[in-house]
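Structure first, commentary second.
Since the structure is predicted, the reported quantities are computational estimates derived from the model, not experimental observations.
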Amino acid sequence: MKILRSLIIALAIPTVAFASAQNAARPAAKPQPAAKENGFKAEFFTNLDDAQDKIMHLAESVPAEKYSWRPAPDVRSISEVFMHIAGSNYFLATFLGAEAPKTNGDMEKTVTRKADVIAELKRSFDHLRKVVNATNDLEKPVKLFGNSTTYRGVLVTVLGHLHEHLGQSVAYARMNGVVPPWSH
């Protein structure tokens, strides 16, 4: 019995040593990314990320001297469209129970310099993200423009609004010779 046990141990030691040497020679496994959150909120943020990235890239790509350009009289200029997006991010978040930050008058008319527009857009997206992150009950009922909906409905409206004005901004940019950076 002692001989059999000694033989098993003698055979096992080289096998364990060989397996350990093989594992040591392998590169360390890459850490797996954290599991992505599932559900509507995760889908909302994925869509928001895309719209925000494109809006911000357009705002940065349009030359400062084009910010006052408008396709026709009495139609929003490039800077006014971007400030409309920012103002709407603040305003639509109020339907989720948040207060909009105080602004100095009509942002569409007062925030017109490229650097200021970009900074305000960024602040508005940060504000929107903070509010949505703090929102837990997506089925909570709310009145939106006189219609009954839920917090989820407000978020759908936010995305629809962002994409509407993203499309408008793409058209404005192209009319001014700016190719959207993501379409090269």
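Interatomic distance, Lys41 NZ to Thr46 OG1, rounded to the nearest 0.5 Å: 13.5 Å. Taking CD of Glu108 as the start and OG1 of Thr103 as the end, the distance is 11.0 Å to the nearest 0.5 Å. Here the CE-OG distance, from Met107 to Ser79, works out to 11.0 Å after rounding to the nearest 0.5 Å. Between the CG atom in Leu155 and the CG atom in Leu48 there is a gap of 9.5 Å [rounded to 0.5 Å]. Here CG of Asn47 is found 4.5 Å from CG of Leu159. Values are rounded to the nearest 0.5 Å. The structure places NE2 of His165 at 6.0 Å from OG of Ser88, a figure rounded to the nearest 0.5 Å.
Residue Tyr151 comes nearest to Asp137 through the heavy atom pair CD2-O, 3.6 Å, listed as atom of the first residue, atom of the second, then distance. Of all non-hydrogen atoms in Pro71 and Val75, the two that sit nearest each other are CG-CG1, 3.7 Å. In terms of heavy-atom proximity, Ala59 sits nearest to Leu121 at CB-CD1, 3.9 Å. In terms of heavy atoms, Lys54 sits closest to Leu166 at CB-CD1, 3.7 Å. Among all heavy-atom pairs drawn from Ser169 and Ile85, the shortest one is OG-CD1, 4.4 Å. Nearest heavy-atom pair across Thr94 and Glu99 is CG2-C, 4.5 Å.
For the residue pair Asn89/His161, the side-chain donor-acceptor check at 3.5 Å is not satisfied. Donor-acceptor pairing under 3.5 Å is recorded for the side chains of Arg129 and Gln52. Side-chain contact check for Ser148 and Lys143: at least one donor-acceptor pair (N or O, by modelled atom type) lies under 3.5 Å.
Every residue meeting the salt bridge (charged side-chain N to carboxylate O under 4.0 Å, His left out) condition with Lys122, not counting sequence neighbours, appears here in chain and number order: Asp126. Listed by chain and residue number, Arg152 satisfy the side chain to side chain donor-acceptor pair (under 3.5 Å) test with Glu139 (two or more places apart in sequence, or in another chain). Qualifying ring-ring contact (aromatic ring centres under 6.0 Å, His included) partners for Trp69, counting only residues two or more places apart in sequence or in other chains: Tyr172. Lys109 meets the side chain to side chain donor-acceptor pair (under 3.5 Å) test with Glu80; sequence neighbours excluded. The ring-ring contact (aromatic ring centres under 6.0 Å, His included) search around His127 returns Tyr90, not counting sequence neighbours.
With contacts defined as side-chain heavy-atom distances shorter than 4.5 Å, the pair Asn176/Pro63 does not qualify.
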Checklist line | Glu60 vs His57, side-chain hydrogen bond (donor to acceptor under 3.5 Å, both in side chains): CA-CA, chis, key distance, verdict | finding: CA-CA 5 Å; Glu60 292 162 357; His57 280 112; 4.9 Å; no
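Within the structure, ring-ring contact (aromatic ring centres under 6.0 Å, His included) pairs that include any residue of residues 94-123 comprise Phe91-Phe95, Phe95-Phe145 (at least two apart or interchain).
Under the 30°/60° scheme for interplanar angles, the aromatic rings of Tyr67 and Phe82 are found to be tilted.
Residues Arg113 and Asp116 are paired through a salt bridge, judged by an N-O separation under 4.0 Å between the basic side chain and the carboxylate.
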